[in-house]
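This report concerns only the one structure given below.
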Amino acid sequence: MLDAKSVAIVSETTVTTFDHYGRLFRMLMPSLKGMVLHDGFGELLWTSDDWDVEEKADLVKDAIANAITDPAEFPGVVRIDADRAIYSFAVRSEQVELYGVVSLQTRLTSARTEARPLSYLRQILQPAFECLRRELSLRAQLGSRERDLGVRERDLSLMLEMSSNQTATGDADEFDLILKTALEHMGCALAALWVPDKNIGMSLTRSGHPMSEESLQRAKQHLMAWIQLQQRTIIVNQTSKVAGEGAAPFKILACPVRHPSERVMGVLALFNPASAHDFDSYQTRVAELLAKKVTVIIQAQYDASTGLMTRHAFERQAASLLGSAGEPEQHCILYLDIDRLHVVNETFGMHVGDDVIASVAECVARCVVPPALSARISGDRLAALIPNAGIAAATAIAENIRAAAAAIVPRAGQGSFEVSACIGVAPVGRSENALAHALATAEIACKAAKDRGRNRVEVFQDSDQSIIRRHTDLLIVGKLRNALAHDSFRLDAQPILPLRGNYGRPRFELLIRMLGDRGEVIPPGKFLSAAERYQLMPTVDRWVVSRACELLSAHAASVGEDIARFAINLSGQSLQDETFLPFVEDTIKNSGLSPNVLCFELTETATVGNLERAQSFLRALQDLGCQFALDDFGTGVSSLAYLKDLSVNYLKIDGSFVRDSITNTRSESMIKAIAQLAKVMCIETVAEYVETDPLRARMADLGVDYGQGFAMGKHQPLEQLLEELAVFEATVNDWDGAAPARPAPDRTPIPVLAS
């Protein structure tokens, strides 16, 4: 059978001449009086000069039609026209692709009144037909390649235009650009894109009047089912076959949008009215390119494991949605964190943890419908933007997600565990970085939900003290990181002095201060909470140890063991850090400073919570020559029970007991008991927050050895103190034998220190 897709043998720009074939045919057929050549579509290619027959399209059509059924190698037809015979032979390839039709004219005479048999002429002209077939074959290949090149140039031009448009528009939605490109390059009336898995459903018209929602929904259902069944591009140019009663007849070009696994996950559909031209091969190719572009965009914008948006795509589309909202309605952000996922990972394996994340993400996708956006922010943290919704509506959605996550049942073979999540809800404000700020506040609310028992939804409230603390920490942590990077800290020293006459030598506690952008001093209460929350305390403690050793070693002659001792606070996080102890040992040894000058303070809570590591830490540094103080003593549940296991030199009585010791007999009794117990165990005691002279006197009466607070002396920069230390020591030495056991407050020889 003749291939219906016969190709033109030359492009429109090719200059065609077949004179040499005309001469060849005359040599083989001396009676030839003219020759004409048509292509496989019946279009005229070449005519000899002596051809004098008017154009007879029906003759060529007869030859083409005959070629379909005639099995001869060069099938032909003949027609007698007055005194001449016209023979038309089809020239085709071995694959029955029609290259062209060659027509030959001879004169009839009185001696020959009938046309010669076609088989006779075919045998005579066989060599010329063979040569012409090779010529037409080469020209057909050349024309096909020229057309392919033209198509590729147009495709390349299209792709370059799309890329340049995307770069120029920046934050413009890529899917909207896809639809605009389809309309502009193919003149369609309507373009639509549906990807149900990604909650993508959009349409765009050239006229600006979209189809009704009902019509689009009906078209989506039919086309999605059709595409998933056919698994290929579908073209419908015969509208009568698809137009039912009451339905508008449209010509349709629908291309599948495929997942990287080749699964059909959506459809890009183009619509034209029945009066428009049929969709052709070029439009089909462009539509398929655009459908592939949709797949590329989805791969870039959506997380492969969960199917939700990536953080970058979420922030970009959310900013676009918020920016186009006009007069802003109330929008809300949800921030979700899966509870105890690390336990699942460690117990059952990371692959099970990944399944949990994907299952929770599926719950989010089901509960958050367009135009809302949902994304995987990082790891097991998900987020959603709920536009034009108040706190109550957003909280209801969050509760639905939480309940759906709690109902997840592990797949067979994954073990037994429960899934739960904490979700924070926060409104989107009108600040310059509204989205980032809302995400941050929603995260704070999510963390508060974890603090309050997990598997719950919390709304960000300005009056919630826990949330305010987290919010403050979030705001300060950036400044803290910057200060650590640029060494923007200062060490102050606060005296810890004997309470009873000349007993003992002065001590100092080193206190860290952060310096602001303008050199202002930021007290530790403003940033240490953030350091603890964001696991920065080991870095802060390293800075304190390094700086203290650096300054003290520079004044080694003035800070000998018999003059003063300096206490450095350490956090529980540093105690847990296996590299911290070697760091402290190396820093002290490399500084050349006598270890006897240093005392390290650990809070009771941090020490008891890491008892085994604390014991190892204490022994190592005490062997080096350092001393230890147990801070905030008395606040723990089993303070006395653990004291026998810890080799400490000082107990610092918590300030909550000291402050009300004059009016509260229980606090007074507690302080007295601690002082007596410490004396039996050869441990010295320090009272914190000794802010007044009556408190100072009371602590001395109760048997406490040292006091720390404003009544004993205010803090001052360590560098300034070290420069004045010689004078300070001389003042302290003057106490010996000269001061009464309980000096009067106005004559107490406490050094005048800068506030």
To the nearest 0.5 Å, how far apart are [atom1] in [X] and [atom2] in [Y]?
X	Y	atom1	atom2	result
Q576	M537	CD	CE	14.0 Å
T685	L702	OG1	CG	10.0 Å
E684	K652	CD	NZ	13.0 Å
L602	L570	CG	CG	5.5 Å
L491	L511	CG	CG	8.5 Å
L551	H555	CG	NE2	7.5 Å

**Prompt:** When you look at N649 and C599, which way does the side chain to side chain contact (heavy atoms under 4.5 Å, CB included) test go after all the steps?
**Reply:** CA-CA 9 Å; N649 306 97; C599 175; 5.9 Å; no
Between [X] and [Y], is any side-chain donor less than 3.5 angstrom from a side-chain acceptor?
X	Y	result
E532	Q573	no
E509	N569	yes
D355	Q414	yes
Q627	Q622	no
N455	S420	no
D303	T310	no
D660	S667	yes
T579	R542	yes

**With sequence neighbours excluded, residues passing ring pair (Phe, Tyr, Trp, His ring centres under 6.0 Å) with Y335** =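 Scan of Y335 (ring pair (Phe, Tyr, Trp, His ring centres under 6.0 Å), adjacent residues dropped) gives none.
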Look only at the side chain of [X] and the backbone of [Y], and say whether a donor-acceptor pair between them is shorter than 3.5 Å.
X	Y	answer
H486	N482	yes
E719	P717	no
T347	V344	no
E691	F710	yes
R547	E550	no

Do [X] and [Y] touch side chain to side chain, with heavy atoms closer than 4.5 Å?
X	Y	answer
V419	V409	no
V521	D492	no
L722	F566	yes
F489	L515	no
N664	F657	no
R666	M670	no
V352	P410	no
L499	R696	yes

**Asked** Given L598 and R565, is the side chain to side chain contact (heavy atoms under 4.5 Å, CB included) satisfied, shown in steps?
**Response** CA-CA 6 Å; L598 299 177; R565 193 179 296 274; over 6 Å; no
At their closest point, which heavy atom of [X] faces which heavy atom of [Y], and how far apart are they?
X	Y	value
A687	V704	N-CG1, 3.6 Å
F580	V545	CZ-CG2, 4.3 Å
A426	A438	CB-O, 3.9 Å

**Request:** Show your reasoning for whether side-chain hydrogen bond (donor to acceptor under 3.5 Å, both in side chains) applies to D541 and S571.
**Result:** CA-CA 7 Å; D541 288 347; S571 67; 2.9 Å; yes
**Message:** Centroid separation under 6.0 Å, is that true for the rings of Y650 and F628?
**Reply:**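 Centroid distance F628-Y650: not below 6.0 Å, so no.
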**Message:** I'd like to know if E315 and R311 make a salt bridge, using a cut-off of under 4.0 Å between side-chain N and carboxylate O.
**Reply:**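 A salt bridge is present here (some side-chain N lies under 4.0 Å from a carboxylate O).
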**Any residue meeting side chain to side chain contact (heavy atoms under 4.5 Å, CB included) with C363, in chain and number order, not counting sequence neighbours** =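 C363: side chain to side chain contact (heavy atoms under 4.5 Å, CB included) contacts with R366, A404, I408.
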**Item:** Non-neighbouring partners of R456 that pass side chain to side chain contact (heavy atoms under 4.5 Å, CB included), sequence neighbours left out
**Value:**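 R456 satisfies side chain to side chain contact (heavy atoms under 4.5 Å, CB included) with A449, R452, E458 only.
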